[in-house]
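Just so you know, ligand 1 is whichever comes first in the structure, and atom 1 is the first atom listed for that ligand. Keep in mind that what you see is a predicted model, and the values were worked out from it rather than measured.
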Amino acid sequence: MKHRQSFESIISEINRAETVLIYTHVLMDGDTLGSAVALCKALRYMKKTAYILIEDAIPEYLSFLDSNLCTYDCNVITELDLSIAVDCTDIERFEKRREKFLQAKVKICIDHHHTSGYFADFNYVDEHSASTGELIYKLLKLMAIPADKQIAEALYVAITTDTGNFQYSNTTAESHRTAAELFEIGIDLGKISVELYQNVRPEKLKLTGEILKTLEMYCDGKVALAFVTQKVLKETNSTIEESEGIVETLRSIRGVEVSVFMKEVSEREIKIGMRAKSYANVAGIMQKFGGGGHIKAAGCTINATLEEAKVLIIQEVENYFNEWNN
Ligand SMILES: [Mn+2]
């Protein structure tokens with residue numbers, strides 16, 4: 001049964017442990033790494049042996065957060081008391097480290113996804129929180145661990161990235177309150193803003209330009225669609241990950257309610273991301289293709305050619321708006 005454990009029980013497990021590994025999810029984002037860095041530093045203040053165990057590379061724009069906290073080495077700790085997963089909905093989110101996670105005497109999960117699987121011994125899941133970073137901040141406060149500059153910056157990164165820099169509808173008063181307290185501790189906002197938001201590879205910008213050339217509008221301008229092909233990735237010398245964020249750019253067009261971005265992963269594997277602006281439920285649309293997600297942000301994979309997948313998606317979106325109008 002899904003039942004959120006209290007921070008008190010989690011704190012007593014942390015106090016008892018001497019060795020701790022923290023787990024981020026794959027395709028690391030600012031929230032998972034920021035939360036992990038803050039927690040790891042706090043645990044080291046408590047004189048514990050603590051590391052962040054990772055399996056994929058730290059994205060360039062987040063690399064400033066780490067300072068000898070992250071390791072790929074599963075054997076960095078052999079007698080493991082505690083495993084803590086942050087921002088992970090499921091154990092599959094850190095597949096290669098699963099065995100190590102399970103080796104610990106006690107397993108904890110701190111997360112904010114409503115789809116969280118409650119896979120640990122102690123699960124603190126608050127789906128109303130905009131970021132896991134806010135939950136870590138609350139935890140550190142309860143443990144009476146003063147946040148230093150590095151902890152404050154890591155948590156600020158977690159919050160600003162998961163709220164789309166305080167734009168997304170998940171943003172709460174608590175997000176702003178936490179950010180304000182982190183400000184008071186002292187963060188270098190200029191540095192963080194440059195690292196996160198003014199740090200684009202020219203190749204990525206060229207890729208964005210090529211992708212925007214594919215822009216098509218449907219449903220009287222309520223739907224914007226664009227796609228990326230393997231060919232264009234090669235031509236612009238960029239990676240598929242660098243097309244991240246385009247679906248939000250498409251949503252930003254005036255009058256657009258639903259944005260669709262299609263990625264040609266391979267010839268017959270098309271990944272689709274969809275966003276809604278105000279009222280549409282894109283999770284519902286994506287469910288028809290076996291996908292899912294949140295009401296305003298969802299996705300699916302279609303095994304067909306790009307052209308075939310496009311026809312299917314446009315049809316479904318048109319149906320959705322026709323039903324909406326009736
Ligand atoms: Mn998150």
(Q) Using the side chain to side chain contact (heavy atoms under 4.5 Å, CB included) definition, which of the options Leu62, Thr161, Asp66, Val157 pairs with Leu33? (A)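 With Leu33 as partner, Leu62, Thr161, Asp66, Val157 yield a single side chain to side chain contact (heavy atoms under 4.5 Å, CB included), made by Leu62.
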**Q.** Single hit among Thr32, Leu135, Thr24 for side chain to side chain contact (heavy atoms under 4.5 Å, CB included) with Asp87
**A.**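 Among Thr32, Leu135, Thr24, the one that satisfies the side chain to side chain contact (heavy atoms under 4.5 Å, CB included) with Asp87 is Thr32.
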Q: Measure distances from the Mn ion (ligand 1) and count the protein N, O or S atoms below 2.8 Å.
A: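 Near the Mn ion (ligand 1), the number of protein N, O or S atoms below 2.8 Å is 4.
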Q) Taking all atoms of both residues into account, what is the closest heavy-atom pair of Ser175 and Ala130, and its distance? A)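 Between these two residues, the closest heavy atoms are OG-CB, 3.5 Å.
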Q) Taking the six-membered ring where the residue is Trp, are the ring centres of Tyr23 and Tyr51 under 6.0 Å apart? A)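 No, too far apart.
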Q) Does the ring center of His294 lie less than 6.0 Å from the ring center of His114? A)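 Here the rings of His114 and His294 have centres that are less than 6.0 Å from each other.
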Q) Cut-off 3.5 Å, side chains only: do His113 and Asp111 have a donor facing an acceptor? A)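 Per modelled atom types, His113 and Asp111 side chains form a pair under 3.5 Å.
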